[in-house]
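Note sheet for the following structure.
Chain letters run A, B, ... following the sequence lines, proteins first, then strands; residues in each count from 1.
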Protein chains: 2
Amino acid sequence: MDRIDRKLLNLLQEDASRTNAELADLVGLSPSSCLRRIRRLNEAGIIDRVVAVVAPAKAGKNLKAIVTVELERHGEQYMRQFLELVVAEPAVIQAYGVSGETDVVLMLRLADMDEFDTLCERLFRDRSNVARYYTMFVIRTAKETTAIPL
Amino acid sequence: MDRIDRKLLNLLQEDASRTNAELADLVGLSPSSCLRRIRRLNEAGIIDRVVAVVAPAKAGKNLKAIVTVELERHGEQYMRQFLELVVAEPAVIQAYGVSGETDVVLMLRLADMDEFDTLCERLFRDRSNVARYYTMFVIRTAKETTAIPL
DNA sequence: AGTGGTCTGCAATTTTATTGCACAAAATCG
DNA sequence: CGATTTTGTGCAATAAAATTGCAGACCACT
């Protein structure tokens, strides 16, 4: 992991659709060397995967919400149970167990309030061990990247 | 945007490193047709971009934190000013203006507590118009996807 | 200076993406 | 309802890109 690897990773985190020749040029290497480095990064699992990012607006998913959840009972099995429940929902794009007053934080990607309503019904009804939850709707997205600073 | 387009998008959101022939096969189309559809999705901006996802652990960024921030003064220009400040930080991977008591929610990706400490120093010191902030450290990541349900 | 290991660039080869074209399906229009 | 335009499709040829073998360069460690 030298300077060139880091540079490559930064470039690929930005735009992975570039051709190998282009990347090679940007880092100042021959295409073959560049390709071998990228393969090494893949095999080492440093590059976990390559994905297409869909524009939410163009996909009719304009509503984003961040939900903090406090559970009723706090055992490990209750936590696991609740996480299993939320993970199964396609609208839940991030789900974290966290420290502090709050037990779980969810990031939701939805079409509209109706979808939010039915989802809440499903996740936070009486049975599901949720003491309370608090929703923050995203008004403005100032930054949203998958790139890890290297 | 028919059934095949949606299928293609789902596949690409999962793994965009597949060859066109592979994708064509998965959706039951000829390579040329498949390619043309993908290009159409690109040109329409439905596919916003293609990125490599780096494994945080392998990059030495094991600490993730979610921070809720309440500003001192609540005008539009103050909000903008604060967002500009945080957006410039590479460790801030997501930054949202939200509804509710909280004004801003940040998602941080860090190497360790030291980095967290110095970042807080920079973002939340007296000058920066932050009334209070609350940090939740991520203990367990149950789900983390970029894929939008289609 | 010598040696094993790693990395590099070049050029050949293989794989993949891309395009032109003729035809078929669906939508549009008189 | 049939004619016509539009849109989408598969095939085959072409262009572009990725991949590999190989010889030499560089580096760290004796």
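Pairs engaging residues 84-107 of chain B under the salt bridge (charged side-chain N to carboxylate O under 4.0 Å, His left out) rule: B/Glu89-B/Arg122 [sequence neighbours left out]. Applying the salt bridge (charged side-chain N to carboxylate O under 4.0 Å, His left out) definition to pairs two or more places apart or across chains, those involving residues 52-63 of chain B are B/Lys61-B/Glu115. Sorted by first then second residue, the ring-ring contact (aromatic ring centres under 6.0 Å, His included) pairs that include residues 125-150 of chain A, not counting sequence neighbours, are A/Phe116-A/Phe137, A/Phe124-A/Tyr133. Screening residues 69-79 of chain B for salt bridge (charged side-chain N to carboxylate O under 4.0 Å, His left out), with sequence neighbours left out, gives A/Arg140-B/Glu76, B/Glu70-B/Arg132, B/Glu76-B/Arg80. Applying the salt bridge (charged side-chain N to carboxylate O under 4.0 Å, His left out) definition to pairs two or more places apart or across chains, those involving residues 9-26 of chain B are B/Glu14-B/Arg18.
The distance from the CD1 atom of A/Ile38 to the CG atom of A/Leu23 is 5.0 Å, given to the nearest 0.5 Å.
Minimum interatomic distance between B/Asn20 and B/Pro31 (heavy atoms only, all atoms of both residues): ND2-O, 2.9 Å.
With rounding to whole Å, A/Arg37 atom CZ is found 17 Å from D/dT19 atom C1'. To the nearest angstrom, P of C/dT8 lies 15 Å from CG of A/Leu23.
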- Task: Give the B/S/- string for nucleotides 12-25 of chain C, one per nucleotide from 5' to 3', where a protein heavy atom under 4.0 Å of the base yields B, of only the sugar-phosphate yields S, and otherwise -.
- Result: ----SSBBB-----
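With sequence neighbours excluded, no residue forms a salt bridge (Lys or Arg N to Asp or Glu O under 4.0 Å) with B/Arg49. With sequence neighbours left out, A/Ser30 forms a side chain to side chain donor-acceptor pair (under 3.5 Å) with A/Ser32. B/Asp114 meets the salt bridge (Lys or Arg N to Asp or Glu O under 4.0 Å) test with no other residue; sequence neighbours excluded.
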Give each protein N/O atom lying under 3.5 Å from an N/O atom of nucleotides 25-27 of chain D, with the pair distance.
none

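Between the side chain of A/Gln13 and the backbone N or O of A/Ile148, at least one donor-acceptor pair lies under 3.5 Å. Looking only at distances, a side-chain donor or acceptor of B/Thr145 sits under 3.5 Å from a matching main-chain atom of B/Ala147.
Listed in residue order, the members of residues 1-11 of chain A having a heavy atom less than 4.0 Å from DNA chain C come to none.
Within the structure, a side-chain polar atom (N or O) of B/Ser33 is placed less than 4.0 Å from OP1 or OP2 of D/dG10.
Axis deviation across the helix from C/dA1-D/dT30 to C/dG30-D/dC1 amounts to 50°, comparing end segments of five pairs, rounded to 10 degrees.
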